[in-house]
Amino acid sequence: MITADVDIRPLREEDLDPADRIMRLAFGTFLGLPEPTAFMGDAGYVHTRYRTDPSAAFAADIGGEVVGSNFATRWGSFGFFGPLTIRPDVWDRGVGQRLMEPVMDCFTCWQTIHAGLFTFAQSQKHLALYQRFGFWPRFLTAIMWKAVEADRDAPPGSRLSDFPE
């Protein structure tokens with residue numbers, strides 16, 4: 001269902017803090033973190049993406065309130081986007097699809113030859129959204145983890161200066 005009351009507009013400086021909170025809440029909620037807004041700690045992802053190219057930063061607005069954002073980035077003829085984040089209480093209302101439209105317009109304007117994104121390979125919802133815009137899975141990367149064992153000694157280190165020329 002596409003939300004008729006959503007306005008897609010350029011992201012503004014005063015939107016950065018709300019967009020940052022939404023990004024943390026959205027990812028933290030999706031990943032099931034006990035404190036979703038703690039996602040990414042003190043990293044300034046939204047602020048730095050905005051400052052890279054404010055003309056390629058977009059907000060979803062409902063009733064004068066930011067409910068999501070998306071960022072397009074250009075590296076020569078290659079374009080990528082994200083993070084595309086939506087406040088969880090408006091998930092599944094078509095806001096993400098609407099936030100994809102100005103990003104695709106950026107790619108067209110920039111004459112992008114290749115475009116890509118990173119997303120959750122296990123999420124059919126994410127894959128279906130991006131497939132609507134012509135993005136298809138290419139490589140599914142396994143992200144693995146291991147709990148750190150605090151009582152183990154760290155392996156001995158090496159210094160570059162210890163190696164022969």
Side-chain angles (χ1 to χ4, degrees), residues 2-3 6-33 35-62 65-88 90-146 160:
I2 300 295
T3 300
V6 68
D7 179 37
I8 304 301
R9 60 170 176 76
L11 192 71
R12 299 184 291 250
E13 186 91 26
E14 62 266 22
D15 299 327
L16 294 178
D17 288 340
D20 184 75
R21 279 191 297 280
I22 291 166
M23 184 272 303
R24 294 170 193 285
L25 178 63
F27 276 103
T29 300
F30 181 80
L31 295 171
L33 299 181
E35 179 52 50
T37 56
F39 178 76
M40 290 185 70
D42 64 354
Y45 205 75
V46 166
H47 290 77
T48 56
R49 279 288 165 93
Y50 174 81
R51 283 177 174 61
T52 299
D53 185 354
S55 71
F58 306 97
D61 183 303
I62 296 178
E65 188 176 353
V66 174
V67 298
S69 61
N70 198 2
F71 303 84
T73 303
R74 173 176 45 178
W75 290 346
S77 62
F78 174 72
F80 67 95
F81 67 89
L84 167 61
T85 56
I86 312 298
R87 204 172 65 195
V90 293
W91 282 355
D92 302 320
R93 290 179 50 190
V95 178
Q97 187 170 336
R98 295 285 310 280
L99 276 167
M100 283 297 299
E101 294 164 0
V103 165
M104 298 307 292
D105 290 343
C106 281
F107 292 163
T108 299
C109 179
W110 296 337
Q111 299 179 340
T112 301
I113 295 172
H114 299 287
L117 69 136
F118 289 98
T119 194
F120 298 101
Q122 78 280 15
S123 172
Q124 288 301 315
K125 180 169 71 169
H126 287 87
L127 295 175
L129 169 63
Y130 301 133
Q131 286 173 350
R132 282 188 194 109
F133 292 90
F135 294 92
W136 293 89
R138 186 161 178 202
F139 301 106
L140 300 181
T141 304
I143 306 295
M144 303 171 73
W145 69 278
K146 179 183 184 318
L160 188 57

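- The closest donor-acceptor contact from the side chain of Thr112 to the backbone of Ala115 lies at 3.5 Å or more, if one exists at all.
- Smallest separation of non-hydrogen atoms from Leu11 and Ala19: CD1-CB, 4.3 Å.
- Checked against the 6.0 Å centroid threshold, Trp75 and Phe80 count as a close aromatic pair.
- Taking 4.5 Å as the limit, some side-chain heavy atom of Ile8 sits within range of a side-chain heavy atom of Val6.
- To the nearest 0.5 Å, atoms CG (Leu117) and CZ (Phe81) are separated by 4.0 Å.
- Contact between Leu99 and Ser69 at its shortest, heavy atoms only, is CD1-N, 3.6 Å.
- Note: Arg74 CZ to Cys109 SG = 7.5 Å, rounded to the nearest 0.5 Å.
- Smallest separation of non-hydrogen atoms from Phe71 and Pro83: CD1-O, 3.7 Å.
- The two residues Pro54 and Arg51 make their nearest non-hydrogen contact at CD-O, 4.1 Å.
- Looking at heavy atoms from C-beta onward, Trp110 lies in side-chain contact with Phe107 at the 4.5 angstrom threshold.
- Gln111 is linked by a side chain to side chain donor-acceptor pair (under 3.5 Å) to nothing, counting only residues two or more places apart in sequence or in another chain.
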Tell me, with the steps shown, if Phe78 and Ile113 meet side-chain contact (heavy atoms from CB on, under 4.5 Å).
CA-CA 6 Å; Phe78 174 72; Ile113 295 172; over 6 Å; no
For His126 and Phe120, run ring-ring contact (aromatic ring centres under 6.0 Å, His included): C-alpha distance rounded to whole Å, both residues' side-chain angles, the deciding distance at 0.1 Å, then the answer.
CA-CA 7 Å; His126 287 87; Phe120 298 101; 5.4 Å; yes
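- Distance CD1/Ile62 to CG/Asp7: 10.0 Å, rounded to 0.5 Å.
- Separating the CZ atom in Arg87 from the CD atom in Glu65 is a distance of 4.5 Å, to the nearest 0.5 Å.
- Taking 4.5 Å as the limit, every side-chain heavy atom of Lys125 sits out of range of all side-chain heavy atoms of Phe30.
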Output, in order, the C-alpha distance, side-chain angles, deciding distance and verdict of side-chain contact (heavy atoms from CB on, under 4.5 Å) for Met100 and Tyr130.
CA-CA 8 Å; Met100 283 297 299; Tyr130 301 133; 4.0 Å; yes
Counting only pairs under 3.5 Å, give me each side-chain donor-acceptor contact of residues 35-46, with atom names and distances, residues two or more places apart or in other chains.
residue	atom	partner	partner atom	Å
Glu35	OE2	Thr37	OG1	2.7
Tyr45	OH	Arg49	NH2	3.0

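- A donor-acceptor pair under 3.5 Å links the side-chain atoms of Trp91 to the main chain of Ile86, judged by distance alone.
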Run the numbers on Asp17 and Arg21 for salt bridge (Lys or Arg N to Asp or Glu O under 4.0 Å), then give the verdict.
CA-CA 6 Å; Asp17 288 340; Arg21 279 191 297 280; 5.2 Å; no
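- Legend: salt bridge (charged side-chain N to carboxylate O under 4.0 Å, His left out) pairs involving residues 104-117, not counting sequence neighbours: none detected.
- When side chains are defined from C-beta on, Thr85 does not count as touching Leu25, because their heavy atoms never get closer than 4.5 Å.
- In this structure, the separation between CG on Asp15 and CG on Asp61 is 7.5 Å, given to the nearest 0.5 Å.
- Considering all non-hydrogen atoms of both residues, Tyr50 and Arg12 come closest at OH-C, 4.0 Å.
- Atom NE2 of His114 is surrounded by 12 or fewer heavy atoms from other residues, nucleotides or ligands within 6.0 Å.
- For Ile22 against Gly68, the heavy-atom pair with the smallest separation is CD1-N, 4.0 Å.
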